[in-house]
Amino acid sequence: MVKERLISLDVFRGLTILLMTIVNNPGDWGNVYPSLLHADWHGCTPTDLVFPFFVFIMGVAVPLAMPEKFYDGTTFNKILVRSLRMLCLGIFFNFFSKIQLFGLDGIPLLIGRLAITIAVGYALMGSFSSKVKNILAFSILFIYLVLAYSGIEAYHDVRLPGVLQRIAIVYFVVSLLYLKTTQKTQIITGAVLLLGYWGIMTLIPVPGIGEANLEKGTNLASWLDSILLKDHMYSGTVTWDPEGILSTIPSIVNGIIGLLIGQFLQSDNPKTKKGLKMGQIGALLIVSGLIWDLVFPINKSLWTSSYVLFTTGLATVFFTILYYLIDIAGYKKGFKPFLIWGVNPMIVFFSSQIIPQALVMIQFQNPKNPEEQTNLLDFLYRFWIAPFFNDPKAASLGGALVYVCIWTFILWIFYRNKLIFKV
C-alpha cells in the first residue's frame with residue numbers, strides 16, 4: 001500500500017486555515033461580526049468550528065501518511081519528535097512578546113525577537129537527521145520550562161497551553177492508537193473518553209466551590225488548570241485556560257473520529273459508497289451531538305462531549321462534500337486557491353501568530369495627529385483600509401481579507417517553487 005494524497009483533504013485543510021486567518025486577524029477587534037467570534041460560553045459559531053476541524057483533519061491524515069501499520073522504536077521516536085516540534089512551535093507564540101534582550105527596546109528589540117523567531121522556526125521546521133531533531137526539540141522545550149519557572153519577571157506568567165500544543169498531544173495519542181490498536185479498540189476508546197469526561201465534569205464536586213457545574217471559572221476543568229497551570233494560563237481568562245489540561249481529553253476523540261474516517265477511506269469500497277457512508281456518519285454524529293447538548297451543552301471552552309460529536313459531524317459532512325466534488329466528480333480547478341493554503345498550513349499558522357505582534361512593536365508618531373503615538377498595524381488599518389468602508393464591521397473584515405490576499409500571494413510563490421514547511 002502506498003501513501004495516498006487526497007486533494008479534497010488538502011482543500012479542506014486550506015479552507016480551515018484560511019478561516020482561521022480571517023478570524024484571528026480582524027482589522028479592529030472592537031468591530032467584528034458575531035459569526036467571526038467565539039460563542040460567549042455555551043453554543044457554537046462558525047469560528048468555533050476551526051479548531052476541531054483542524055484536529056479532525058489531522059486524524060484523517062494519520063493513516064494516509066502511514067498506510068503501512070508498522071511500529072518500532074524508530075517509528076515511535078518520529079511520532080514523539082514531531083509532536084514535540086509542534087508543541088514547541090505553539091509555546092513559542094506565547095514567548096515572543098515576553099523576550100527581553102540586554103535591556104533593548106523598540107526596533108532593536110524587535111530585530112532581536114525576529115532573529116530568535118527565525119532560529120526557532122528553522123530548528124523546529126528544518127530538515128535534519130532524526131538525532132538532531134531529537135536534540136533540538138528536547139532542548140527547546142527544556143529552555144521554555146526553565147524560563148517559565150525560573151522566577152524571571154518577564155516569563156513568570158507566560159502561557160504554556162495553546163492550540164498547536166493541543167494538536168501535538170492529540171497527534172501523539174492518535175498516531176499510537178492507529179499503529180497499536182484495532183478500529184474496534186479505537187471506537188471503544190473514543191466512547192470511554194467522551195462518557196468518562198461527561199461523568200467527571202457533571203458528577204465530581206469542585207474542591208473549594210461545591211457541586212459539579214459547567215459555569216465559567218468554577219467548573220472542575222477550571223479548578224484543575226488553576227492548580228497545575230497556575231500563572232501560566234491564557235491572559236484573557238487568567239484563572240483557567242480554554243486549552244487546559246482536562247478539556248484536552250475529549251479533544252482526542254476529534255482525532256480518533258478523523259482517524260476512523262481516514263482508515264475507512266483506505267478500504268476497497270467504491271468511492272461513491274465511501275462518500276455516501278461518510279455522509280451518513282456525519283449526519284448521525286451531528287444529531288447525536290445535538291441530543292447530548294440537552295444535558296451536556298455544546299461548549300468549545302470546555303470541549304464538551306456534545307461539542308466533539310457535533311463538530312466532527314459537521315467536519316465529516318463538509319469533507320464528504322469536498323470528497324464528492326473533487327475526488328469523485330473530478331472538479332478541481334475552482335479549488336486551487338484553497339489547495340495552495342492546504343499544503344502549507346504550518347508556515348501560515350506560525351507566521352500569522354508572530355507578524356501582528358511584530359507590527360505592533362513598530363511604534364511612531366501619528367502623521368495625522370502629531371500628539372498621538374501609533375503602531376504600524378493600527379496605522380495600516382486606520383488609514384489604508386478603514387477609509388474605504390462605511391460600516392466599521394465591514395472594514396474590520398476587509399482588513400482580515402487584505403491579510404488573506406497577502407498570504408495567498410506568498411503561498412502561491414511557495415507552491416510554484418514546491419516549498420513546503422513541515423514539522
Side-chain angles (χ1 to χ4, degrees), residues 10-40 43-54 93 96-97 110 114 117 163 235-236 242 300 314 318 322 333-370 372-416:
D10 286 332
V11 169
F12 190 20
R13 187 186 298 109
L15 283 164
T16 305
I17 191 76
L18 193 152
L19 178 57
M20 182 210 75
T21 304
I22 293 174
V23 165
N24 288 349
N25 297 278
D28 177 8
W29 278 105
N31 290 284
V32 180
Y33 289 112
S35 60
L36 296 177
L37 293 171
H38 291 294
D40 183 54
C44 186
T45 72
T47 298
D48 293 317
L49 300 177
V50 174
F51 193 178
F53 277 19
F54 267 125
F93 303 150
F96 179 84
S97 63
L110 173 60
L114 290 177
T117 300
V163 171
S235 60
K300 176 192 175 294
L314 287 174
F318 291 154
L322 292 171
K333 290 186 178 180
F335 294 103
K336 188 66 172 286
F338 307 115
L339 175 63
I340 291 172
W341 278 75
V343 297
N344 238 331
M346 194 55 67
I347 191 65
V348 179
F349 201 102
F350 183 68
S351 301
S352 286
Q353 303 287 327
I354 302 299
I355 291 173
Q357 296 184 65
L359 294 179
V360 167
M361 288 186 65
I362 304 175
Q363 300 200 5
F364 50 89
Q365 192 178 56
N366 187 342
K368 302 290 184 179
N369 183 3
E372 179 186 72
Q373 282 288 110
T374 188
N375 62 69
L376 185 55
L377 182 64
D378 186 52
F379 178 81
L380 291 173
Y381 172 70
R382 286 172 60 188
F383 298 106
W384 289 20
I385 297 174
F388 292 96
F389 298 87
N390 294 320
D391 181 359
K393 290 184 178 179
S396 184
L397 176 58
L401 293 177
V402 168
Y403 191 61
V404 164
C405 290
I406 294 171
W407 264 110
T408 300
F409 177 70
I410 295 171
L411 292 172
W412 176 76
I413 293 175
F414 290 160
Y415 186 80
R416 285 289 300 271

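Taking CG of Asn344 as the reference point, atom CD1 of Ile413 lies at 12.0 Å (rounded to 0.5 Å). Between atom CD of residue Gln357 and atom CG of residue Leu377 there is a gap of 11.0 Å, rounded to the nearest 0.5 Å. In this structure, the separation between CD on Gln363 and CG on Asp378 is 10.0 Å, given to the nearest 0.5 Å. In this structure, Asn369 CG and Thr374 OG1 are separated by 10.0 Å, a value rounded to the nearest 0.5 Å. Between the OG atom in Ser351 and the CE atom in Met346 there is a gap of 11.0 Å [rounded to 0.5 Å]. One finds the SG atom of Cys405 at 11.5 Å from the CD1 atom of Ile410 (value rounded to the nearest 0.5 Å).
Met20 has its side chain within reach of Phe54: a pair of non-hydrogen atoms, C-beta onward, lies under 4.5 Å apart. Between Leu339 and Tyr415 there is a side-chain heavy-atom pair separated by less than 4.5 Å. Using a 4.5 Å cut-off on side-chain heavy atoms (C-beta onward), Phe12 and Thr16 make contact. A 4.5 Å side-chain heavy-atom check between Leu397 and Ile22 finds at least one atom pair inside the cut-off. Looking at heavy atoms from C-beta onward, Asp10 lies in side-chain contact with Arg13 at the 4.5 angstrom threshold. Side-chain contact check for Ile347 versus Leu411: some heavy-atom pair is nearer than 4.5 Å. Contact annotation: the side chain of Val23 never approaches that of Val32 to less than 4.5 Å [non-hydrogen atoms, C-beta and beyond].
When all heavy atoms of Ser35 and Pro46 are compared, the pair lying nearest together is O-CD, 3.6 Å. Taking each heavy atom of Trp341 and Val348 in turn, the nearest pair found is CZ3-CG1, 3.7 Å. When all heavy atoms of Asn375 and Phe364 are compared, the closest pair comes out as C-CE2, 4.0 Å. Residue Thr45 comes nearest to Ala39 through the heavy atom pair CG2-N, 3.7 Å, listed as atom of the first residue, atom of the second, then distance. Nearest approach of Pro337 to Gly334, heavy atoms of both residues: CD-O, 3.8 Å. Ala400 and Pro26 get closest at one heavy-atom pair: CB-CA, 4.2 Å.
With hydrogens and angles ignored, the 3.5 Å screen pairs no side-chain donor or acceptor of Ser396 with any backbone N or O of Pro392. Although no hydrogens or angles enter the test, the distance criterion places no donor-acceptor pair under 3.5 Å between the side chain of Tyr403 and the main chain of Gly27.
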(request) I would like to know whether Phe53 and Leu15 meet side-chain contact (heavy atoms from CB on, under 4.5 Å); could you show each step before the answer? (result) CA-CA 10 Å; Phe53 277 19; Leu15 283 164; over 6 Å; no

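When the ring-ring contact (aromatic ring centres under 6.0 Å, His included) test is applied to Phe51, the partners found at least two apart in sequence or on another chain are Trp303. With sequence neighbours excluded, the residues forming a ring-ring contact (aromatic ring centres under 6.0 Å, His included) with Phe335 are Tyr331, listed by chain and number.
The aromatic rings of Phe93 and Phe350 sit tilted, their planes meeting at an angle between 30° and 60°.
Contacts classified as side chain to side chain donor-acceptor pair (under 3.5 Å) and involving residues 18-32 (residues at least two apart or in different chains) are given here: Asp28-Asn31.
Of the candidates Ile17, Val402, Ile355, Ile340, Ile355 is the only one forming a side chain to side chain contact (heavy atoms under 4.5 Å, CB included) with Trp407.
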